[in-house]
Asks: 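Shown below is the structure under consideration.
Note that these values count all heavy atoms, side chains included, but never hydrogens, waters or copies made by symmetry. Since the structure is predicted, the reported quantities are computational estimates derived from the model, not experimental observations.
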Amino acid sequence: MIQNESYYRRIDLPAGDLHVYAGDALFRAMGAKPLEMANNNLQIPNIRYMSYTPDAHVGVGTCIGTTAVWKADEGFVSPTIVGSDIGCGMRVHLTNLDADDLKDVKLRRKLVKAIEKRIPTENHARGHFSDIRLEDVLIKGLHGLPGKYVPDAYTPRRATSLTHVEHARFRYDENALNRIPEHLWHRAHRQLCTLGGGNHFVELQAVTLDEANRDIGERWGLRDGQVIVMIHSGSRSWGGAVNQHCGSEVVKTMRKLGLGTADPKLAFAPLDSEAGATYVNLMYAALNFAVANRHLLAFAVRDALRETLGPQAETRTLYDLMHNYALEESHNDEPLFVHRKGATRSLPPGHPDNPEPYMETGHPALIPGSMGTSSYLMVGVQSGARNYHSICHGAGRVRSRNATKQLVTVDEFAASLRVGQEDEVVVNHRALEAIIDESPQAYKDVDQIIESVTGAGLAAVVAKCRPLATVKGV
DNA sequence: ATGTTC
């Protein structure tokens with residue numbers, strides 16, 4: 001792995017240093033606003049490190065693509081940095097199918113219909129799981145689901161279900177759950193196994209292994225032409241409820257301690273304050289919700305695959321990895337409190353925070369592309385330590401939803417999905433117009449983003465995954 | 001991203 005400094009720059013801002021991992025073109029495209037926002041974030045006390053990934057772009061209070069690090073024993077937590085889609089992230093399952101099995105466009109359409117039958121995608125969608133207790137899910141994550149949703153073949157080695165949350169170092173205090181009013185509990189329960197809108201998706205993809213890391217890919221159970229299921233979703237309305245009901249306490253604590261930055265929207269509190277600790281606990285419940293939700297979505301996809309392609313279809317878990325959260329991690333044996341907002345953890349071989357099955361290879365880092373473009377499975381490398389093992393979380397938006405609707409025509413969107421051709425990426429939407437703000441023209445080129453990540457020596461590509469069929473919400 | 005709307 002060659003570290004090329006043309007993919008990295010240190011920006012000396014008045015409030016402190018910002019580290020940016022991006023090639024020249026991507027850095028220039030970011031503009032001035034992200035630097036101004038970084039300068040506000042760097043005014044939070046005791047911050048030790050802040051960086052942007054190459055897909056960084058403006059968000060509320062803090063850019064999407066931010067990694068922000070404190071020492072654990074003098075740490076601050078910021079609900080604004082984490083953002084409201086707490087626990088948003090990716091899940092990948094490996095099937096025993098080949099892309100050839102899905103060569104027929106009609107079959108891909110049938111499969112998309114079968115998925116939609118099980119995963120509500122409309123606005124205000126409702127799931128229906130009277131056999132699941134929300135409290136169990138919030139407290140125990142996947143282990144709070146009834147056994148029938150967690151079959152053995154689905155969770156290899158039984159010892160682990162392979163999620164990032166389970167391997168976090170955090171002792172969870174469930175008392176904080178009482179802060180969330182009852183009607184929001186009901187809403188969250190109804191939303192189990194729903195997809196949500198925006199950039200969320202369920203996608204079937206075909207694997208191409210990268211020659212340089214073929215051995216790692218094969219150890220993970222990947223092979224060329226294999227069909228995988230990639231899922232992008234979050235904690236639905238629960239994450240927003242957590243921010244809403246912790247926000248005022250956090251702001252009160254800031255006033256009491258005389259804390260603030262140039263941006264009044266930027267909320268933060270010491271980890272050892274009551275408001276800070278309550279937020280961290282409720283955030284953790286949201287992470288549990290998000291991972292259980294993605295798990296249920298994957299379970300529904302397995303069912304749809306079996307209905308469409310036969311009962312022999314299998315979908316074993318590769319990994320579940322979120323990109324909006326803050327948790328304690330160890331780096332060089334030092335306990336740190338790391339925020340990632342639209343940034344993906346990518347640990348190298350041997351890092352102690354890897355789950356046991358991935359200790360020798362590093363865990364898979366799951367990176368979605370935009371619609372119609374490829375996604376990536378990456379792995380961390382030792383030199384990624386310079387950025388606390390954070391990499392990009394996707395292509396990164398390049399224009400707003402409204403600007404995209406004005407600029408892109410339905411025909412252009414359809415052309416980018418190769419509609420009408422044999423290799424059409426089948427999408428559940430009859431009217432592409434409803435999701436035109438998700439067209440690839442709204443995003444940066446994910447291949448360029450990945451080039452910056454590998455060029456800067458942060459991670460390596462294990463597989464490139466080409467989309468076959470996509471299910472989107474509204 | 002989400003839910004809400006005098």
Side-chain angles (χ1 to χ4, degrees), chain A residues 37 55-66 78-91 119-127 134 138 180-203 230-248 265 267 279 282-283 285-294 296-297 321-326 339-344 368 370-371 393-405 429 434-439 442-443 470-474:
Chain A
M37 293 179 75
D55 53 333
H57 60 279
V58 171
V60 180
T62 302
C63 283
I64 323 295
T66 293
S78 168
T80 311
I81 298 183
V82 174
S84 49
D85 194 6
I86 301 169
C88 183
M90 311 302 302
R91 188 173 187 86
I119 298 176
T121 52
E122 71 277 19
N123 202 1
H124 303 302
R126 286 168 172 233
L134 180 62
L138 295 170
I180 306 295
E182 205 178 330
H183 73 281
L184 296 176
W185 280 72
H186 290 301
R187 184 182 291 163
H189 190 263
R190 288 199 302 269
Q191 288 181 331
L192 282 166
C193 201
T194 64
L195 186 54
N199 56 4
H200 292 172
F201 65 77
V202 169
E203 192 162 84
M230 183 176 275
I231 294 169
H232 186 181
S233 189
S235 54
R236 310 291 283 107
S237 64
W238 181 266
V242 167
N243 268 19
Q244 215 181 324
H245 290 268
C246 287
S248 52
K265 281 199 297 291
Y279 171 74
L282 282 170
M283 171 183 47
L287 303 183
N288 277 337
F289 182 98
V291 73
N293 190 42
R294 285 189 291 271
L296 288 170
L297 292 168
L321 185 64
M322 63 244 180
H323 47 233
N324 290 350
Y325 65 100
H339 293 66
R340 294 199 177 86
K341 179 181 195 151
T344 304
S370 54
M371 282 188 75
H393 89 305
R397 199 160 260 285
V398 72
R399 54 178 59 85
S400 71
R401 296 192 178 275
N402 278 333
T404 308
K405 283 177 197 156
H429 277 270
I435 53 168
I436 206 159
D437 51 351
E438 280 295 304
S439 76
Y443 288 90
T470 310
V471 175
K472 294 284 285 183
V474 189

Asks: So which nucleotide from B/dG3, B/dT2, B/dA1 ends up closest to the side chain of A/Arg236?
Replies: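 Nearest listed nucleotide: B/dT2.
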Asks: Is a side-chain donor-acceptor pair under 3.5 Å present for A/Gln191 with A/Ser237?
Replies: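 Distance-only check passes for A/Ser237 and A/Gln191.
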Asks: Classify the nucleic acid contact of A/Gly196 as base, sugar-phosphate or nothing, counting any heavy atom under 4.0 Å across all strands shown.
Replies: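 If one applies the 4.0 Å heavy-atom cut-off, A/Gly196 turns out to touch the sugar-phosphate alone, with no base involved.
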Asks: Check the distance between B/dT2's P and A/Arg190's CZ and give it to me in whole angstrom.
Replies: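 Spelled out: CZ on A/Arg190 to P on B/dT2 is 15 Å.
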Asks: Map A/Leu184 and A/Asp85 onto DNA chain B by nearest heavy atom, then report which one ends up closer to the 5' terminus.
Replies: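 It is A/Asp85, whose closest nucleotide lies nearer the 5' terminus.
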Asks: Can you check the A/Asp437 CG to B/dT2 C1' distance for me, whole Å?
Replies: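 So the CG-C1' distance, A/Asp437 to B/dT2, works out to 14 Å.
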Asks: Rounding to an integer number of Å, can you tell me how far A/Met90 CE sits from B/dA1 P?
Replies: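 Interatomic distance, CE of A/Met90 to P of B/dA1: 12 Å.
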Asks: Does the pair A/Glu203/A/Lys472 count as a salt bridge with the N-to-O cut at 4.0 Å?
Replies: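 Between A/Lys472 and A/Glu203 there is no salt bridge, as every charged N stays at least 4.0 Å from the carboxylate O atoms.
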Asks: Reckon A/Ser84 touches a base, only the sugar-phosphate, or nothing at all at heavy-atom distances under 4.0 Å?
Replies: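 Base, at least one base heavy atom under 4.0 Å.
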Asks: Are A/Arg236 and A/Thr194 close enough that a side-chain donor and a side-chain acceptor fall under 3.5 Å?
Replies: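 Side chains of A/Arg236 and A/Thr194: pair found under 3.5 Å.
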Asks: Once you round it to whole Å, what is the distance between C1' of B/dG3 and CD of A/Glu122?
Replies: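 Roughly 15 Å, once rounded to whole Å.
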Asks: Can you measure A/Arg401 atom CZ to B/dT2 atom P for me and round it to whole angstrom units?
Replies: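 To the nearest whole Å, that distance equals 9 Å.
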Asks: Remember a base hit wins even if backbone is also touched, and classify A/Gly240 as base, sugar-phosphate or nothing at under 4.0 Å, heavy atoms.
Replies: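 Contact class for A/Gly240: none.
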Asks: Tell me the interatomic distance from A/Ile81, atom CD1, to B/dA1, atom P, rounded to whole angstroms.
Replies: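 Interatomic distance, CD1 of A/Ile81 to P of B/dA1: 19 Å.
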Asks: For the residue pair A/Asp85 / A/His200, report whether a side-chain donor-acceptor contact shorter than 3.5 Å exists.
Replies: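 Yes, side-chain donor-acceptor contact under 3.5 Å.
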Asks: For A/Ile180 and B/dT2, give me the distance from atom CD1 to atom C1', rounded to whole Å.
Replies: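 Roughly 15 Å, once rounded to whole Å.
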Asks: Round to the nearest Å and state the distance from A/Gln191 atom CD to B/dA1 atom P.
Replies: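 From A/Gln191 CD to B/dA1 P: 14 Å.
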